[in-house]
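Please find one structure pasted underneath; my questions will follow.
Proteins get letters first, then strands, A, B, ... in listed order; numbering begins at 1 in each.
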Amino acid sequence: MTGSAGESVAAAPVSELAPDAARAEHARLVAEIEEHNRRYHVEDAPTVTDAEFDALFLRLKEIESRFPELVTPDSPTQKVGAAPATGFAKVRHLKPMLSLENAFDAAGVRDFMAGVRNFLMELRRDPSIEVAIVAEPKIDGVSASLRYEGGRFALGATRGDGLVGEDVTANLRTIADVPDRLEGEDVPKLFEVRGEVYMLREDFRALNEAQRAEDKAAFANPRNAAAGSLRQLDPSVTAGRPLRFFAYAWGEASAVPGRTHWEMLERLAAWGLPTNPRAKLCADIDEALAYYERIAEERSRIPYDIDGVVYKIDRLDLQEALGFVSRRPRWAVAHKFPAEQVETRLLAIEIQVGRTGALTPVARLEPVTVGGVVVSNATLHNEDEIARKDVRIGDTVVVQRAGDVIPQVVRVVKAKRPADARPFEYPDRCPACDSLAVREEGEAVRRCTGGLVCPAQQVERLKHFVSRAAFDIDGLGEKQIAAFYDDGLIAKPGDLFRLAARDGEHGAPLRDREGWGEVSARNLFAAIEARRRIPLDRFIYALGIRHVGQATARLLARTYGTLDAFRAAMDAARAREGEAWEHLLSIDGIGKVVAGAILDFFDEPHNRAVVDDLAREVEVEPVEEPGAESAIGGKTVVFTGTLETMTRLEAKARAEALGAKVAGSVSRRTDYVVAGPGAGSKAAKARDLGVTVLDEREWLALIGGREMEEPNA
DNA sequence: ACCCCTCGAGTTCT
DNA sequence: CTCGAGGGGT
């Protein structure tokens, strides 16, 4: 702890602060606030008053607003709100933690292998090349990344979203399987180990008994127990939990540990990291499939939960050649066990109203345990789906969790249909606002036409607005939003930002409301405050325009740069003709339907008012102009044909990040056409016009290699 | 008029 | 995760 609250607050006005002094004070404030947070949330023993804490926080925010370069994702200002959950600092993985492609049967695995061979052939490698495979059980636990510096365990993190995880170093240290130090001469200076934290079934049972004996909630399954134990704020709690660890891959490394995956596993074991003794080096795919059968047969005798088998191409040079498709390695696949299927009764079908007014039927089920989790709801998608499966209320149905996550109704057990089972009558009115619900010709969904008068749609829009990918305001769940909406506290997004200032104007102040207190109210206000600065793409996404999701919002933000430019362009395009309209349609990825949906949104006066009102409350950050120093800076590029090492959208994002403009069609103003195999008219037109045509390899060479790749996942 | 791919929207549970 | 629809290419 450095300095007291009083000292920091009495410092010079922020406007007079020199950058160096600001940086120093910023660091001091962050440390101080984090310490107070820890005392407050972890030890439950604050050493400053709320007012003192607020003063520190305010000072930090002032500094950050004047010196935005000091704002980092792990600054306390960026993570207020989810108070108990944010006891962990965020950690950016040096190499992303990727996910695996799934195969659900042997045919899927053979497809995968065919893809590998095809790809290697196209890279003009010897097709008769031996493709050995490392197979090992896929453990149902929590993945983690451990960073060793100079052989010492320095930092451990959860997977998070694959790019940024949570710092759980202290908790990982308590696991006996995780060595403090890697032993051996060839340990790289820097080495990130990837692996799985898990719990033995037997230990899980004992833990649950102990939990029950102490009147604490039991865990649903070993995986949840492992996840819950790893995310304890108090490491001494984690220390008392029987966690284990297996290493299976690596991330960033100052030296590559071997020429093959198998060698890498042996090396990890030699350094003292536990690797799965059941892992097997298979000469070919048939041997790997036989391994799968054996593991499936042994499954119940293996002392921990597994949900399949992972296959990886053994040779690292081949892995590198194969590369990635949208965050997934092309050289690995997870062969999953079939999903567990369970019968239960369908008690009722209810209709939910989405933010676009879509009516979605949801099956209420007699609760059953499926794959270790109690399931009581399952989506039925739409009207046709109910008819296709002939689902009736009272039926016995087979339920599974798709990809082991989302519950779905597989089929009806007709033999068990009771005589009084009755077909579901799909409503033609919205259950929330009683407006007509219509199904457009050729569409699968029925939509409520209530729009602005439908409270369900309004609440869903607000939920979307505060959601993670939009304004990311923590501490406002479904219930709170609905309650605030019902009580007139928030009717439109801009109201959120006036919530603190007007607290108490509509009935009792927030802290006196049921379920709220001094602290939670303050946290919510702070979480909202922290979002007054927002990048343009998030702002656009948050509006909830039909057909405009994250990707399209980003596209629009990049195209128009600033909110004012976007706003003006949309107004100008509303005539559906002229330059602004043509410009909108010329964006690669936006056609008539999407463009029409955007303009429909801005045609509505209410929506324009909502946007303008919101714009007055927040500061929208323009999209930065990418640097022009790269080889393709300022050039116009067109992609055509199927690219091999990346999807077209990735290629496009990459090119744009390097300062190029990506167009959809070839003209004289095009600088480069990048043509994959199977390119047709565009490449021909480019040649006619004398535009440079590159193949993918030449293109990658031009922009400087495939730096997105990593040695392992 | 096709086919393929990507994106959007909706959903579950802890 | 899955389905349906939009966009773009042939």
Interatomic distance, Tyr541(A) OH vs dG8(B) P [rounded to whole Å]: 8 Å
Side-chain heavy atoms of Val142(A) within contact of Arg159(A), under 4.5 Å: no
Sugar-phosphate, base or nothing in reach of Val375(A), heavy atoms under 4.0 Å: sugar-phosphate
Interatomic distance, Gln457(A) CD vs dA9(B) P [rounded to whole Å]: 13 Å
OP1 or OP2 of dT6(B) under 4.0 Å from side-chain N/O of Thr552(A): no
Test of ring centre spacing under 6.0 Å for Tyr560(A) and His583(A): yes
Rounded distance in Å - CZ (Arg546(A)) to C1' (dG10(B)): 13 Å
d(CD, Gln400(A); C1', dT2(C)) in whole Å: 12 Å
d(CG, Leu359(A); C1', dG10(B)) in whole Å: 12 Å
Residue-phosphate contact under 4.0 Å: Gln352(A) side-chain N/O, dT11(B) OP1/OP2: yes
For Phe465(A), all residues meeting ring-ring contact (aromatic ring centres under 6.0 Å, His included), sequence neighbours excluded: Phe471(A)
Phosphate OP1/OP2 of dA9(B): any Arg355(A) side-chain N/O under 4.0 Å: yes
Listed nucleotide nearest any side-chain atom of Thr360(A), set dG10(B), dG6(C), dG8(B): dG10(B)
Distance in angstrom units between Gln232(A) CD and dT14(B) C1', rounded: 14 Å
Residue-level proximity of residues 377-389 of chain A to DNA chain B when a heavy atom falls under 4.0 Å: Asn377(A), Thr379(A)
